[in-house]
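Structure record follows, encoded as structure tokens.
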Amino acid sequence: MVRDPLYKFFADVQRVLARSVELRHLHLADGIRVCAIDASYSENRVRVGAVLWELPSMTALEEVRFSGTTHFPYIPGLFYLREGPFAAEAFRRLSVRPDLLLLEGHGVAHPRRAGLASIVGLVTGTPAVGIAKRLLCGTVVWGEGGRGWVELKGERVGVAYRVGTRVYYLSPGHMTDLETLLELLDLTGGRPHELVRRAHELSRS
DNA sequence: GCGACAG
DNA sequence: ATCTTGTCGC
């Protein structure tokens, strides 16, 4: 699959998009609105769930749910082709513009520095962050308090945090930076994964 | 060349 | 992601 001409084409598209990714600080002030988006699959059926949260109160302001059909399989590194279109559609259906998007997957912690969170951030013109349960590439340099940096070729591309035995990986998608990730951890009491977990439950309800 | 590989 | 029973642990 990696040698497939189509894979090379879409990977090239990804490299071009990566050039437009902007990593800069987005300060997450109290009252900020974060939209967590996730999807569930069964064959070609895709069900999407999106929850607009207000932080740090963790209040759900709006929920969006819909389903559709996908035409792309899951291919490591090209996840954006499978879930990207649906995440963008979920964004479009919101009645309120979120200040930040939280997507299931990686942002710049990606071989081509443009994972799902980066591309959805670019396409929607909205700051975005990715959160994943597993690394696609890179390694973690653990620090104190169950926190660590995700490093890729000597560069910090994300933050890792441990909750009990589980580890989650955050990485900037677009218009955000590492500091933004730490602020997100602050505003969610160290549990940003709860935001997407709720979106995932909504998707399969 | 070999293995690893977001959801 | 999803398919799935019992089981380990707080």
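Quick note on labels: first sequence line is chain A, next is B, and so on, each numbered from 1. Not measured: the values here are computed from a predicted model.
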Subject >> A:Glu201 CD - B:dG7 C1' separation (whole Å) >> reply: 17 Å
Original post:
What's the NE2-C1' distance between A:His106 and B:dA6, to the nearest Å?
Top reply: 4 Å
Original post:
Is A:Arg45 touching bases, backbone alone, or none of the nucleic acid, heavy atoms closer than 4.0 Å?
Top reply: nothing
**OP:** Please work out if A:Tyr41 contacts a base, only the sugar-phosphate, or nothing of the nucleic acid, heavy-atom cut-off 4.0 Å.
**Re:** sugar-phosphate
**OP:** Check the distance between B:dC5's C1' and A:Tyr80's OH and give it to me in whole angstrom.
**Re:** 17 Å
Subject >> DNA chain C: 5'-most and 3'-most nucleotides touching chain A, 4.0 angstrom heavy-atom criterion >> reply: C:dA1 to C:dT2
Original post:
Side chains of A:Glu179 and A:His27: donor-acceptor distance under 3.5 Å anywhere?
Top reply: no
Original post:
So A:Tyr169 and A:His106, would you call those rings parallel, tilted or perpendicular, with 30° and 60° as cut-offs?
Top reply: tilted
Original post:
A:Gly77 near the nucleic acid: base, sugar-phosphate alone, or nothing, with a heavy-atom cut-off under 4.0 Å?
Top reply: base
Original post:
A:Ile75 CD1 to B:dA4 C1': how many Å, rounded?
Top reply: 16 Å
Original post:
Quick one: do the A:Ser118 and A:Arg113 side chains pair a donor with an acceptor below 3.5 Å?
Top reply: no
Subject >> Salt bridge present between A:Lys8 and A:Asp12 (N-O < 4.0 angstrom) >> reply: yes
Subject >> Residues A:Glu183 and A:His25: side-chain donor-acceptor under 3.5 angstrom >> reply: yes
Original post:
So what does A:Leu103 touch, heavy atoms closer than 4.0 Å: a base, only the sugar-phosphate, or nothing?
Top reply: nothing
Subject >> Touch class at under 4.0 angstrom, heavy-atom based, for A:Leu116 against every strand present >> reply: base
Subject >> Nearest-angstrom distance from the residue atom CG of A:Asn44 to C1' of B:dG7 >> reply: 15 Å
**OP:** Give A:Ser40 one of three labels, base, sugar-phosphate or nothing, depending on what nucleic acid heavy atoms sit under 4.0 Å from its own.
**Re:** sugar-phosphate
Subject >> Length of the CG-P vector between A:Leu102 and B:dG7, whole Å >> reply: 12 Å
Subject >> Any A:Arg82 side-chain nitrogen or oxygen under 4.0 Å from OP1 or OP2 of B:dG7 >> reply: no
Original post:
Can A:Glu201 and A:Arg198 be counted as an ion pair, charged N to O under 4.0 angstrom?
Top reply: no
Original post:
So, is A:Tyr169 near the phosphate of B:dA6, with a side-chain N or O under 4.0 Å from OP1 or OP2?
Top reply: no
Original post:
B:dA6 P sits how many Å from A:Ile119 CD1, rounded?
Top reply: 16 Å
Original post:
Going by atom types alone, do A:Ser95 and A:Glu62 pair a side-chain donor with an acceptor below 3.5 Å?
Top reply: yes
Subject >> Distance, rounded to the nearest Å, where A:Leu81 contributes CG and B:dA6 contributes P >> reply: 15 Å
